[in-house]
Amino acid sequence: MLAINAAVLVGVFLHKIALPPYVPYIHLLVDYHYGFTKRALIGAIVALFTAKVPVWLVFALAGAIWLVTLGLFIKLFRRTFGFGDAQLPLFVFIAGSPFFLKNFMHTLGHFDIDGCALTLVLLLIPARSIGYVLIAALVSIALILVHHIFVLMYVPVIAAIVVLRFYLAHGVTRLNAAIGIASLAAVGILFLVAQFAGTVPVPYDEFIRHLQSRMADPSRTDLLQFGYIWYQPLSKEIADTWGRMPSNILGIPVFALLIWLHTPLWQYFARLIGALASELHRRIVIASLVLISAGYLIMFAVVFDYSRWISNWAVCMFLMLHAVKMLPASKEVSLIPPDDRKTNIFGWIITVIPRVGIVRPF
């Protein structure tokens, strides 16, 4: 299964390079030239190193981040579960999931993987002091500067991991509670500023001319077709999403099927939660999962990239699985059985599914 997953990944990459349906190039062009601007951090960083941005840089940067994410995940999995024959079914269901690395390969250039990579870092570094809370806050701030939708996509899972790894281990004091609340407030204020005050303050034509001045090939105006999103108000995004809802909602049964195919993984996750040594820990974990899922429901109502949202929701569940495994348990939990017929069938199916997609399934 791992060998076939590797082959599928190569196929997805070659398809992405040969027939890119959409290259998210414009995000490398938008910077802080006109003052504070939403979705501009990555472009501003690129501007520090080059005045002209080639299209291939999208794939170079995205490919590098993908490889880093793969390395971080393998390191985290090894640390959390170990690597042996008994752990291979669990590894296949996570690493080989069409929600995870394969879909990140399909969406090369999109920002989603940045949230996953930084959350993996937070799961790997020690959570011994209040500095961990501050690092998590800085990570959340950076993600919102990349794209403000991270406030629903990965900031909730980051907050949950901070609670599970720091506050449950060290307890709540007046000082660390104040720092946690202040961090949440700073992240929330930044999101509001980005959402409502991050619009480009110049006419659209002038903005496009500036982006063209940063292009290595200014004639590729087709790559600037999404420049309007820096002017589009939230109300317009919601209206567009609900306008597409009748057709996009047809994909929900497919998403449900894909989630169901991961049943052995979800059953293992449920056993982990049930085996936690503290009832309080179980309640906090369940509440965290509900809140993370609620954030994705809000995204479903606001932005119509449904395949990306459901994929990132699943990734958040995978990340929470690792966080829960780090908590004290009252008993050892049996891993996914390698010799179960249903498990093997589901494992083969998710192995051959190449990815989930961006808007509609597949």
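Bear in mind that the values here come from a model prediction, so they are computed numbers and not experimental data.
Side-chain polar atoms of R355 and S307 form no donor-acceptor pair below 3.5 angstrom.
Closest of all the heavy-atom pairs between P54 and Y25 is O-CE1, 3.7 Å. Between R271 and L335 the shortest heavy-atom distance is NH2-O, 3.6 Å. For the pair L164 and A323, the tightest heavy-atom approach, listed with the atom from each and the gap, is CD1-CB, 4.0 Å. In terms of heavy atoms, Y268 sits closest to S334 at CD1-O, 3.3 Å. The two residues L223 and I26 have their closest heavy-atom pair at O-CB, 3.9 Å. What you find for M320 and I161 is that their closest heavy atoms are SD-CG1, 4.4 Å.
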Could you list the donor-acceptor pairs under 3.5 angstrom formed between side-chain atoms of residues 60-77 and any protein atom two or more places apart in sequence or on another chain?
unit_1 : atom_1 : unit_2 : atom_2 : d
W66    : NE1    : L101   : O      : 3.0
T69    : OG1    : I65    : O      : 2.8

Would you be so kind as to tabulate the donor-acceptor pairs closer than 3.5 Å made by side chains of residues 341-350, with sequence neighbours excluded?
unit_1 : atom_1 : unit_2 : atom_2 : d
T343   : OG1    : D340   : OD2    : 2.9
N344   : ND2    : P338   : O      : 3.0
N344   : ND2    : D340   : O      : 2.9

Throw together a table of side-chain donor-acceptor distances under 3.5 angstrom for residues 129-138, partners on residues two or more places apart or in other chains.
unit_1 : atom_1 : unit_2 : atom_2 : d
S129   : OG     : G131   : N      : 3.3
Y132   : OH     : L122   : O      : 2.6
Y132   : OH     : R165   : NH1    : 3.3

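Between M299 and M153, some side-chain heavy-atom pair lies under the 4.5 Å cut-off. Counting heavy atoms from C-beta outward, V315 and V157 have side chains that stay 4.5 Å or more apart. Using a 4.5 Å heavy-atom threshold, the side chains of F91 and L2 count as touching. Taking 4.5 Å as the limit, every side-chain heavy atom of L41 sits out of range of all side-chain heavy atoms of D31. Side chains of H27 and I42 form no contact here, defined as non-hydrogen atoms less than 4.5 Å apart. Contact annotation: the side chain of I158 approaches that of L143 to within less than 4.5 Å [non-hydrogen atoms, C-beta and beyond]. Proximity of M326 to L123: side-chain heavy atoms (C-beta onward) are separated by under 4.5 Å at one or more points. Looking only at side-chain heavy atoms (C-beta outward), V139 and V121 stay at 4.5 Å or farther from each other.
With sequence neighbours excluded, the residues satisfying ring pair (Phe, Tyr, Trp, His ring centres under 6.0 Å) with Y306 are F300.
Expressed to the nearest 0.5 Å, how far CZ of F99 lies from CZ of F318 amounts to 7.0 Å. Interatomic distance, CD1 of I353 versus CG of L257, reported as 7.0 Å (0.5 Å rounding). Here NE2 of H281 is found 4.5 Å from CG of L168. Values are rounded to the nearest 0.5 Å. Distance check, rounded to the nearest 0.5 Å: OG1 of T199 to CZ of F36 gives 10.5 Å. Rounded to the nearest 0.5 angstrom, M105 CE and L14 CG are separated by 9.0 Å. With values rounded to the nearest 0.5 angstrom, I113 atom CD1 is found 7.5 Å from L108 atom CG.
Put simply, the side chain of N176 never gets that close to the backbone of V172: no donor and acceptor are under 3.5 Å apart. The closest donor-acceptor contact from the side chain of S330 to the backbone of A275 lies under 3.5 Å. Looking only at distances, no side-chain donor or acceptor of E206 sits under 3.5 Å from a matching main-chain atom of P203. No side-chain donor-acceptor contact under 3.5 Å links W313 to the backbone of L297. Within the 3.5 Å criterion, the main-chain N or O of I94 finds no donor-acceptor partner in the side chain of S97. A side-chain donor-acceptor contact under 3.5 Å links T241 to the backbone of V302. A distance-only check finds no donor-acceptor pair linking the side chain of K325 to the backbone of F269 [under 3.5 Å]. Looking only at distances, a side-chain donor or acceptor of N103 sits under 3.5 Å from a matching main-chain atom of G357. Under the 3.5 Å distance criterion, the side-chain polar atoms of W309 are matched with a main-chain donor or acceptor of V303.
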* Tell me, with the steps shown, if S247 and R360 meet side chain to side chain donor-acceptor pair (under 3.5 Å). => CA-CA 9 Å; S247 61; R360 295 182 179 87; 3.3 Å; yes

* Asked: Where do Y204 and Y231 land on the ring-ring contact (aromatic ring centres under 6.0 Å, His included) test, with the steps shown first?
  -> CA-CA 8 Å; Y204 180 74; Y231 291 83; 5.5 Å; yes

* To do: Any chance you could lay out the side-chain contact (heavy atoms from CB on, under 4.5 Å) test for V8 and T351, step after step, and finish with the verdict?
  => CA-CA 8 Å; V8 170; T351 292; 5.8 Å; no

* Are V30 and F207 close enough, and set up right, to give a side-chain contact (heavy atoms from CB on, under 4.5 Å), and what steps lead you there? -> CA-CA 9 Å; V30 180; F207 176 59; 3.8 Å; yes

* Asked: Can you list the steps and then say if F100 with V356 is a side-chain contact (heavy atoms from CB on, under 4.5 Å)?
  -> CA-CA 9 Å; F100 188 23; V356 180; over 6 Å; no

* So F13 and H106, ring-ring contact (aromatic ring centres under 6.0 Å, His included) or not? Walk me through it. -> CA-CA 7 Å; F13 176 73; H106 175 64; over 10 Å; no

* Under the ring-ring contact (aromatic ring centres under 6.0 Å, His included) rule, what do F104 and H110 come out as? Steps first, then yes or no, please. => CA-CA 8 Å; F104 281 147; H110 287 84; over 10 Å; no

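Pairs engaging residues 167-201 under the ring-ring contact (aromatic ring centres under 6.0 Å, His included) rule: F166-H170 [sequence neighbours left out]. Sorted by first and then second residue, the pairs that involve residues 133-154 and meet side-chain hydrogen bond (donor to acceptor under 3.5 Å, both in side chains), not counting sequence neighbours, are R39-H147, H148-Q195, Y154-N312.
Hydrophobic clustering places L145 together with V193 (ILVMFWY residues linked when any side-chain heavy atoms are closer than 4.5 Å, directly or through intermediates). Linking ILVMFWY residues whenever their side-chain heavy atoms come closer than 4.5 Å, directly or via other members, places L280 and V324 in the same cluster. Clustering ILVMFWY residues whenever any of their side-chain heavy atoms sit less than 4.5 angstrom apart, transitively, puts I181 in a cluster other than the one holding I141. Taken together through direct or relayed side-chain contacts under 4.5 Å among Ile, Leu, Val, Met, Phe, Trp and Tyr, I292 and I298 form part of one hydrophobic cluster. Note on V352 and V10: separate hydrophobic clusters, where clusters join Ile, Leu, Val, Met, Phe, Trp and Tyr whose side-chain heavy atoms are under 4.5 Å apart, directly or indirectly.
Ring centroids of F81 and H322 are separated by less than 6.0 Å, placing the two rings close together.
For the pair R78 and F83, the NZ or CZ position fails the cation-pi test of under 6.0 Å to the six-membered ring centre and within 45 degrees of the ring normal.
A salt bridge links E279 and R282; the closest N-O separation between the charged side-chain nitrogens and carboxylate oxygens is under 4.0 Å. Using a 4.0 Å cut-off between charged side-chain N and carboxylate O, K236 and D240 make a salt bridge.
Summarising the local packing, CH2 of W242 is surrounded by 12 or fewer heavy atoms from other residues, nucleotides or ligands at distances under 6.0 Å. Surrounding CG of D85 are at most 12 heavy atoms belonging to other residues, nucleotides or ligands under 6.0 Å away.
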